[in-house]
Amino acid sequence: MEHRELLAFAEETARGAGEILRRNYGRRQTIRFKGEINLVTDVDRESEEYILGRIRRRYPDHGVLSEESPERTSPSPYRWIVDPLDGTTNYAHGYPCFCVSVAVERDGKVVAGAVFDPLLEESFTASPGEGAYRNGERIRVSNTRELRKSLLATGFAYDVRTSSDNNFDYFRAFVFTGQAIRRDGSAALDLCYLACGRFDGFWELKLRPWDTAAGLLILKEAGGVASRLDGGPYDIHQPDLLATNGQIHGRMIEVLREAKK
Ligand code: IPD
Ligand code: CA
Ligand code: CA
């Protein structure tokens, strides 16, 4: 199957779901708590229903892994990986930073990824070897070479209050070594912002495949680099991710190593 066709479908799907988020944004949401600070709104579910419905109709034999539903396994080599609303806490508070992330893999390799921010109307897309785009225009990572001039992004997992593996040491270390740090609350957008040069580096400890599947391909196609925090190879099934413009990657690994001691 053509990657181009899959990408077009992924992008249309992310845009359609984004429209659901936009339409309901700012309205009172029904919120259910999956954990003390981990919530899900009825809009996460509506967005997911829309996306899964579209995939089911167009590609009935494909597998689907989506955050709010049990995985649909399939003998097909294709599997969709979906975050129907990345940035749920922001969304529930009316903080305008969230997106839809839709990716599809063939035999375990992501072959198309789309991330859509419905408020800024920014659509980030990529397929392997074809480059990364924002609203159809080619994007590239930044050219910042020094960590002290770098704008960094990170996030904290929902177990931040109960786990000692909570990112505070790393956060502290980068406060002293980077230029500034943002915690925007949408890992998929963080990766796209890195891909288009708004951020220079990003790290997080406990991500899930739906947070990174589309954003990672977009980042790589924009010339970015990804690894685990210790510099080992990263794939979307690993929890910890260090992603950068490539230039500051080695330096960030050093800081992480130092902070861990
Ligand atoms: C979360 C966001 C957040 C990140 C968390 C994710 P959700 O996803 O991407 O930025 O720090 O690790 O779980 O729950 O809003 O889909
Ligand atoms: Ca997410
Ligand atoms: Ca989500």
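Atoms within a ligand are numbered from 1 in the order they appear, just like the ligands themselves.
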Taking non-hydrogen atoms only, is [X] closer than 4.0 angstrom to ligand 1 via side chain, backbone, both or neither?
X	answer
Ala187	both
Phe98	neither
Arg183	side chain
Leu85	backbone

Tell me the protein heavy atom at minimum distance from [atom], and give that distance in Å.
atom	answer
atom 8 (O) of ligand 1	Asp86 OD1, 3.0 Å
atom 10 (O) of ligand 1	Gly185 C, 2.8 Å
atom 6 (C) of ligand 1	Asp211 OD1, 4.0 Å
atom 15 (O) of ligand 1	Gly87 N, 2.7 Å
atom 7 (P) of ligand 1	Tyr158 OH, 3.6 Å

Which atoms of ligand 1 are found less than 4.0 Å from any heavy atom of [X]?
X	value
Glu67	16 (O)
Asp83	16 (O)
Ser186	9 (O), 10 (O)
Phe156	11 (O)
Gly155	11 (O)

For this session: For the Ca ion (ligand 3), report each protein N, O or S atom nearer than 3.0 Å, sorted by chain and then by residue number.
Result: Glu67 OE1, Asp83 OD1, Leu85 O
Exercise. Counting only heavy atoms not in Arg183, do more than 12 sit closer than 6.0 Å to its CZ atom?
Worked result: yes
For this session: State, yes or no, whether a side-chain contact exists between Glu2 and Leu6 at a heavy-atom distance under 4.5 Å.
Result: no
Exercise. Are Thr177 and Arg251 side-chain neighbours, meaning at least one heavy-atom pair lies under 4.5 Å?
Worked result: yes
For this session: Decide if the gap between the ring center of Phe124 and the ring center of Phe116 is smaller than 6.0 angstrom.
Result: no
Problem set entry | Tyr25 ring center near Phe98 ring center (under 6.0 Å) | yes
Exercise. Do the charged groups of Glu48 and Arg45 touch, with an N to O distance under 4.0 Å?
Worked result: no
Problem set entry | Charged N-O contact under 4.0 Å between Arg134 and Glu122 | yes
For this session: If the plane angle is over 60° it's perpendicular, under 30° parallel, otherwise tilted; pick one for Phe9 and Tyr59.
Result: perpendicular
Can any side-chain N or O of [X] pair as donor or acceptor with the backbone N or O of [Y] at less than 3.5 Å?
X	Y	value
Asp117	Leu120	yes
Asn245	Gly224	no
Thr41	Ala92	no

Exercise. Hey, are Asn167 and Glu204 close enough side-chain-wise for a donor-acceptor pair under 3.5 Å?
Worked result: no
Exercise. Out of Glu204, Glu68, Lys206, who gets a non-hydrogen atom closest to atom 12 (O) of ligand 1?
Worked result: Glu204
Exercise. Got a sec, which residues hit side-chain contact (heavy atoms from CB on, under 4.5 Å) with Asn38, two or more places apart in sequence or on another chain?
Worked result: Lys34, Tyr158
